[in-house]
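Remarks on the structure that follows.
Counting begins at 1 with the first residue of the sequence. Owing to the predicted nature of the structure, the values given are computational and were not obtained by experimental measurement.
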Amino acid sequence: MSAAESAMQQEVRALYCDHHGWLQTWLRRKLGDSFAAADLAQDTFVSVITGGGPGDIREPRPFLATIARRLMAHRHRRQVLEVSYLEALAVIGPDMAPSPEVQLLAIEALHQVDLVLDSLPPAVKEAFLLAHLEGLSYAEIAGRLGVSASSVKQYLSRANRQCFFGTPP
């Protein structure tokens with residue numbers, strides 16, 4: 001282990017020891033669930049580590065709270081997607097429902113699409129949703145968004161590349 005790795009481990013250890021209890025309590029108050037709070041507190045510190053370590057954090061608690069808020073929002077979006085998918089499955093009935101493995105794969109795919117859509121500019125995201133969920137034409141989308149049909153074509157091309165191929169804009 002290099003000196004830099006050792007120093008980072010010590011910084012992480014100190015940050016964890018000094019602030020983990022506070023963060024978990026703060027999350028428990030926000031979520032009302034001690035198990036979810038424990039998971040999100042751990043995920044917050046994992047995010048710090050994978051982000052390059054604590055480095056020169058001047059205000060650890062606001063920094064950790066910001067990461068935790070982002071993770072809570074991410075968790076909430078994921079739960080909303082899962083509930084929506086499971087509600088849709090309930091409508092089709094158990095005979096037509098896919099296997100639990102396929103359901104899990106579908107939820108993961110929905111989650112990945114949600115992350116990609118969240119990274120797109122609002123107009124691009126809306127054009128994608130209008131085309132794929134409502135089946136609107138380029139002209140109809142252009143009318144709703146107040147842009148030209150050629151802009152809609154560019155928006156959809158960008159969103160489709162992102163969603164289906166994972167290529168950056």
Side-chain angles (χ1 to χ4, degrees), residues 12 23 26-27 30-33 35-92 96-169:
V12 169
L23 181 62
W26 182 81
L27 285 165
K30 293 273 184 202
L31 298 170
D33 179 345
F35 295 111
D39 286 345
L40 282 173
Q42 291 303 109
D43 290 347
T44 300
F45 283 97
V46 168
S47 183
V48 169
I49 292 167
T50 59
D56 296 326
I57 299 171
R58 291 191 176 112
E59 298 290 333
R61 289 186 177 183
F63 177 78
L64 293 170
T66 298
I67 293 172
R69 275 190 206 94
R70 180 178 46 86
L71 292 172
M72 281 191 296
H74 175 76
R75 178 178 175 266
H76 178 72
R77 271 199 329 267
R78 183 178 180 100
Q79 287 175 331
V80 167
L81 276 173
E82 288 178 20
V83 167
S84 297
Y85 177 70
L86 294 174
E87 286 173 351
L89 286 178
V91 169
I92 65 170
M96 301 293 294
S99 69
E101 294 83 10
V102 171
Q103 289 180 30
L104 181 61
L105 290 172
I107 288 170
E108 287 300 318
L110 286 169
H111 176 63
Q112 291 301 318
V113 170
D114 180 55
L115 288 175
V116 170
L117 289 176
D118 199 43
S119 71
L120 294 172
V124 175
K125 178 180 178 177
E126 188 169 353
F128 178 88
L129 294 174
L130 291 170
H132 292 284
L133 296 181
E134 295 188 26
L136 298 184
S137 69
Y138 284 14
E140 291 169 321
I141 296 169
R144 285 242 192 128
L145 299 180
V147 298
S148 68
S150 64
S151 291
V152 170
K153 183 177 179 180
Q154 290 174 357
Y155 291 169
L156 291 176
S157 176
R158 177 180 180 181
N160 288 331
R161 265 195 325 274
Q162 287 271 136
C163 288
F164 299 122
F165 305 111
T167 57

Practice task
Determine, step by step, whether L115 and R77 satisfy the side-chain contact (heavy atoms from CB on, under 4.5 Å) criterion, reporting the C-alpha distance in whole Å, the side-chain angles of both residues, the deciding distance to 0.1 Å, and the verdict.
Solution key: CA-CA 9 Å; L115 288 175; R77 271 199 329 267; 3.6 Å; yes
Exercise for the section: Take R69 and H74 through the test side-chain contact (heavy atoms from CB on, under 4.5 Å) and record every step on the way to the result. Expected result: CA-CA 9 Å; R69 275 190 206 94; H74 175 76; over 6 Å; no
Handout entry: Trace of the salt bridge (charged side-chain N to carboxylate O under 4.0 Å, His left out) decision for D43 with R75
Key = CA-CA 11 Å; D43 290 347; R75 178 178 175 266; over 6 Å; no
Problem - Check against side-chain contact (heavy atoms from CB on, under 4.5 Å), E126 and L129 - result: CA-CA 5 Å; E126 188 169 353; L129 294 174; 5.7 Å; no
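For Q103 (side chain) and P98 (main-chain N/O), a donor-acceptor pair under 3.5 Å exists by modelled atom type. Side-chain atoms of N160 come within 3.5 Å of backbone atoms of L156 as a donor-acceptor pair (strictly under, hydrogens ignored).
Annotation: side chain of E87 is not in contact with side chain of V91 (no heavy-atom distance under 4.5 Å). Contact annotation: the side chain of F63 approaches that of V48 to within less than 4.5 Å [non-hydrogen atoms, C-beta and beyond].
More than 12 heavy atoms of other residues, nucleotides or ligands shown are found within 6.0 angstrom of CD on E134. In H76, the NE2 atom is not crowded: 12 or fewer heavy atoms of neighbouring residues, nucleotides or ligands sit closer than 6.0 Å.
Closest approach of L117 and K125 over heavy atoms only: O-CD, 3.5 Å. Of all heavy-atom pairs between M72 and L40, the closest is CG-CD1, 3.6 Å. The two residues L27 and A41 make their nearest non-hydrogen contact at CD1-N, 3.5 Å. When all heavy atoms of A142 and A149 are compared, the closest pair comes out as CB-N, 3.8 Å. Contact record, V102 with Y85: O-OH, 4.5 Å, taken as the closest heavy-atom pair. Closest approach of W26 and A68 over heavy atoms only: CZ3-CB, 3.9 Å.
Here the CG atom belonging to L89 is positioned 11.0 Å from the OG atom belonging to S84, to the nearest 0.5 angstrom. The CD atom of E82 sits 9.0 Å away from atom NE2 of H111, with the distance rounded to the nearest 0.5 Å. Between S150 atom OG and Y155 atom OH the span is 9.5 Å, to the nearest 0.5 Å. Interatomic distance, CD1 of I92 versus CE of M96, reported as 6.5 Å (0.5 Å rounding). In this structure, the separation between NZ on K30 and CG on L23 is 11.5 Å, given to the nearest 0.5 Å. Taking CZ of F128 as the start and CD1 of I141 as the end, the distance is 10.5 Å to the nearest 0.5 Å.
Partners of A88 according to the side chain to side chain contact (heavy atoms under 4.5 Å, CB included) rule, which considers only residues two or more places apart in sequence or in another chain, do not exist here. Under the rule for a side chain to side chain contact (heavy atoms under 4.5 Å, CB included), the partners of S157 that lie at least two apart in sequence or sit in another chain are R161.
Ion pair R78/D114 not flagged as a salt bridge, since none of the NZ, NE, NH1 or NH2 atoms sits closer than 4.0 Å to an Asp/Glu carboxylate oxygen.
Side-chain contact, T44 with S47: no donor N or O sits under 3.5 Å from an acceptor N or O.
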